[in-house]
Amino acid sequence: MREKLLNLKNEALAQIIQATDPEELERLRAHYLGKSGVLNQISKEFKSLFDEEKTETGRLFNEIKSAISQALQPKLENWKTGKLENLDITLPGIRPPQGHLHPVTSAIEEISSIFEKIGFIRVRYPEVDWDWYAFESLNMPASHPARDDWETFIVDAPEHPKLGKIVLTPHTSNGQVREMERLGHPPIRMVNIAKCYRRQSDVSHTPMFHQFEGLVIDENINITHLKGTIDYFVKQFFGPNRKSRLRPYHFQFTEPSFEVDVTCDICLGKGCKLCKEGWLELGGAGMVHPNVLKAGKIDSEKYTGFAFGWGVERTYMMKSGLKIPDLRLLYSNDIRFLNQF
Ligand code: PHE
């Protein structure tokens, strides 16, 4: 009996010391000192003891009971009055986990600030827009086969008599005529960064991605301005040792049209397993087609312009040192992946 009581005391005191919240203390109190608690159960066993043992054990019993309640009481009081026991304010705190911007968000911020330095204005246009802005005003009539290249999601909604269907924008070029309408006249120097959607998903494509679209319209704008702007961006974003080139291509809304390539970050243009003879493809560009200027009510005799539209994710992946094997990882929301940036 003596041993049982002493063990019980040790066990109770250890639990009380370790208890960290009032509910737990309350539970311990009921368990040891409550009406049907352990101590009361034990006291029922007293009957079976011899008389001389009874006095001795009774004293020990009382001692233990008060030791437990003395350990419990002040702790419970402190919780009620808000006083904190054993608080060492000199210990370093626990640092809460801190997040950071998603790599695509940082890329968007970096791209905006590079263009803002040379006078481009960051704008945003609808990511769900009329067919007119996404295609028709860009010299792509409804029946034109080139539209198929954009693998567009079409919204199941009534058509507008003039603006046509509603689509999830497959490129940021819908901002071109919208910007012409907003400003009414040149000079125009915009960078439109927005979400785009296409029916595609593989290692280098996600159904939702971002593009940044540059548009400059003014008097006497020519290809050298386009090339100069591209070179400036490439050096700022990728570093001074990367070069760009224009390759002839076709878009309905630019004439002439180009695909822009950047030297590979591994071989710097010499040619390696990861690139096409030293070059990586950045995206499309060209001189704004007169029909697009007309759609935006701009005098195509007086003004010319250039435009380019590139994928944010794709451009970001071409930064040196970044080897992302699958673009879809960017949107998998796996913290282990995102923590690396
Ligand atoms: N909108 C084109 C695309 O999505 C890119 C582009 C933009 C090409 C501007 C020329 C001018 O591929």
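Start at 1 and go down the list; that is how both ligands and their atoms are numbered.
Between His102 and Tyr331, the ring planes are parallel. Angles under 30° get that label, and only those over 60° would be called perpendicular. Note: Phe61 and Phe46 have perpendicular aromatic rings, judged against thresholds of 30 and 60 degrees for the angle between ring planes. In this structure, Phe233 and Phe238 have perpendicular ring planes: the angle between them is above 60°, well past the 30° mark. Between Phe341 and Phe337, the angle of the ring planes goes over 60°, which puts this pair in the perpendicular group of the 30/60° scheme.
Heavy-atom contacts of Ala307 reach the following atoms of ligand 1: 9 (C), 11 (C) (cutoff under 4.0 Å).
Under the 4.5 Å side-chain criterion, counting only non-hydrogen atoms from C-beta, Ile42 is in contact with Leu5.
Remark: minimum distance from atom 7 (C) of ligand 1 to any protein heavy atom is reached at Gly309 N, 3.3 Å. At the shortest separation from atom 2 (C) of ligand 1 among protein heavy atoms lies Phe253 CZ, 3.8 Å.
Contacts with ligand 1 closer than 4.0 Å are made by backbone heavy atoms (N, CA, C, O) of Ala285 only, the side chain lying farther away.
In terms of modelled atom types and a separation under 3.5 Å, the side chain of Glu259 and the main chain of Tyr249 share no donor-acceptor contact.
Under a 4.0 angstrom heavy-atom cut-off, Ser173 registers as being in contact with ligand 1. Ligand 1 lies less than 4.0 angstrom from a heavy atom belonging to Arg198.
An N or O contact shorter than 3.5 Å links Trp150 to ligand 1 by distance.
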